[in-house]
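Right, one structure below, let's go through it.
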Number of protein chains: 2
Amino acid sequence: MSQRIRLDLSIILQKATELVDENGLDHLSLGKLAEELQIRPPSLYNHLDGLNGLKQKLAVNGVKKLYEYMLQAAVGRSGDDAIRALSEAYVEFARIHPGLYDATTRFPNSEDKELQQAQQSVVELVVQVLQAYNLKEEMAIHLVRGLRSILHGFTSIEKMGGFGMPIDIDKSFSILLNTYIEGIHSIVINKDKYELV
Amino acid sequence: MSQRIRLDLSIILQKATELVDENGLDHLSLGKLAEELQIRPPSLYNHLDGLNGLKQKLAVNGVKKLYEYMLQAAVGRSGDDAIRALSEAYVEFARIHPGLYDATTRFPNSEDKELQQAQQSVVELVVQVLQAYNLKEEMAIHLVRGLRSILHGFTSIEKMGGFGMPIDIDKSFSILLNTYIEGIHSIVINKDKYELV
DNA sequence: TTGAAAAACTAATCATATTAGTTATAATAT
DNA sequence: ATATTATAACTAATATGATTAGTTTTTCAA
């Protein structure tokens, strides 16, 4: 008699996000998700293409949310200030959404056009911020890759508990960022040597 | 009549390493491993504590090998030169052993003492290299964390195919490293500001 | 050579994902 | 309002993998 649930994708993704943020991406299962949603596991196949399809959708969703989060942090800022804001937002997002963040980096299909586009928009946001330094396009890409490496690396080592010693982790991040930014300045000053603009 | 195989742990780990390097850590299964070793899956339990136990042992083994690899690269070098050598070895190791490298960053149990000690030895190696800069102990730790973030971040983004654009990836790495090293110099020069030594 | 320990085995169970086929509900068109 | 259609739920069944229990074979040392 209890009327059947009627779901849509956004509700499913929301619940799946809660689950992965609580229990980790590796513990995501269709059984548990279905239970939470009060449906039977096969019913999920009406909305998505199995567990891998779900992970893929989580990835896309996660990157889009990350982008929004970084964008909000960056608006109205420029130069070093904007880089710091972006970066802190990135790390903060991963702390708030550890499972969803994981999903953005471990997806089943990297050919997915929607995913690629979402990722690209993050890259472009950072490229825009770097325009303050008047770099050649190619150098800007190298530096974006560098910043991304820093952010992802720091984030995931923190998440795996890799910074064992009892020394302030936020300070480590702040120093890392400062060091990289100092390095960028030093590159900008030696434009000739690094053939930019 | 075919005489039974008689295995030991090192053979199992060797074959498991081959499998994860070829098919990825997520596709490691006891069934496939047993098949390769020409035994039945339950027999593996005589040597290790299930799939998670295997992953844990792979992690320890991987970190130890990574340490050796970095050590070999660093001997006889110092300063910037040693940092570059260490770093290139790290990235190279991850390229040679993508699955094993993954295992070193996604293990079931981070409390494992043997794992922690192996990780610590890598940290100490880098601390030693940084002694060339006469930093305060704490600052050295921050910089080691930074370098580790850079190396792990670059490595895993490369592995996930995250550097989409057709721009030289090795060059990106080299610039990233140079930028960070430049940043370290700039910190060393402003010792007073950063309260070191 | 015999007894204990190690390491293989078979058989069975459990957890999950997935597919096939069916039914109930909601939305839409008549 | 009612009939039709599409959506989204369901049950039942299958497949893959990990794991456990209990047994047998082999090795090694006394």
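Chain A is the first sequence line, chain B the second, and so forth, proteins listed ahead of strands; every chain is numbered from 1.
Each of C/dA20, C/dT10, C/dA8 was ranked by its minimum atom distance to the side chain of B/P42; first place goes to C/dT10.
In this structure, the CG atom of B/L54 is 10 Å from the P atom of D/dT19, given to the nearest Å. Distance A/N52 CG to D/dT16 P: 16 Å, rounded to the nearest Å. We find that CG of B/L7 is positioned 9 Å from P of C/dA7, with the value rounded to whole Å. One atom, CG of B/D26, and another, C1' of D/dA18, lie 16 Å apart when rounded to the nearest Å. Rounded to whole angstrom, the span from the NZ atom of B/K55 across to the C1' atom of D/dG17 amounts to 12 Å. To the nearest angstrom, P of D/dT19 lies 18 Å from CZ of B/R40. Following rounding to the nearest Å, B/I39 (CD1) and D/dT26 (C1') show an atom-to-atom distance of 15 Å. Regarding A/L48, its CG atom lies at a distance of 14 Å from the C1' atom of D/dA9, rounded to whole Å.
What you find for A/L147 and A/S87 is that their closest heavy atoms are CD1-OG, 3.8 Å.
Pairs engaging residues 37-47 of chain B under the salt bridge (charged side-chain N to carboxylate O under 4.0 Å, His left out) rule: none recorded [sequence neighbours left out].
Residues satisfying the side chain to side chain donor-acceptor pair (under 3.5 Å) criterion with A/E36, sequence neighbours excluded, are absent altogether. Applying the ring pair (Phe, Tyr, Trp, His ring centres under 6.0 Å) test to A/H47 and every residue at least two apart in sequence or in another chain returns nothing. Applying the side chain to side chain contact (heavy atoms under 4.5 Å, CB included) criterion to A/Q117, with sequence neighbours excluded, gives no partner residue.
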Show the distances under 3.5 angstrom between N or O atoms of the protein and N or O atoms of nucleotides 13-17 of chain C.
residue, atom, partner, partner atom, Å
C/dA17, OP1, A/L30, N, 3.1
C/dA17, OP2, A/L30, N, 2.9
C/dA17, OP2, A/G31, N, 3.1

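Residue side chain B/N46 does not reach the base of C/dA6 through any donor-acceptor N/O pair under 3.5 Å, judged by distance alone.
Under 4.0 angstrom from either OP1 or OP2 of C/dA8 there lies at least one side-chain N or O belonging to B/H47. Residue B/S43 has a polar side-chain atom (N or O) positioned under 4.0 Å from OP1 or OP2 of C/dC9.
Taking a 4.0 Å limit (strictly below) on heavy-atom distances, residues 14-21 of chain A does not reach DNA chain D anywhere.
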Please list, one pair per line, the donor and acceptor atoms closer than 3.5 Å that link side chains of residues 149-156 of chain A to other protein atoms, with sequence neighbours excluded.
residue, atom, partner, partner atom, Å
A/S149, OG, A/R145, O, 2.9
A/H152, ND1, A/Y101, OH, 2.7
A/H152, NE2, B/S156, OG, 3.1
A/T155, OG1, A/L151, O, 2.8
A/S156, OG, A/H152, O, 2.9
A/S156, OG, B/H152, NE2, 3.1

I'd like a table of donor-acceptor pairs (distance under 3.5 Å, sequence neighbours excluded) in which one partner is a side-chain atom from residues 48-56 of chain B, with atom names and distances.
residue, atom, partner, partner atom, Å
B/Q56, OE1, B/N109, N, 2.9
B/Q56, NE2, B/N109, O, 2.7
B/Q56, NE2, B/D112, OD2, 3.1

Per-pair distances, 0.1 Å, donor-acceptor, side chain in residues 62-83 of chain A, under 3.5 Å, sequence neighbours excluded:
residue, atom, partner, partner atom, Å
A/K64, NZ, A/E114, OE2, 2.8
A/Y69, OH, A/E92, OE2, 2.6
A/R77, NE, A/A73, O, 3.3
A/D80, OD1, A/Y133, OH, 2.3
A/D80, OD1, A/H185, NE2, 3.0
A/D80, OD2, A/H185, NE2, 2.9

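Under 4.0 Å is where a charged nitrogen must lie from a carboxylate oxygen, and between A/R95 and A/D170 at least one such pair does.
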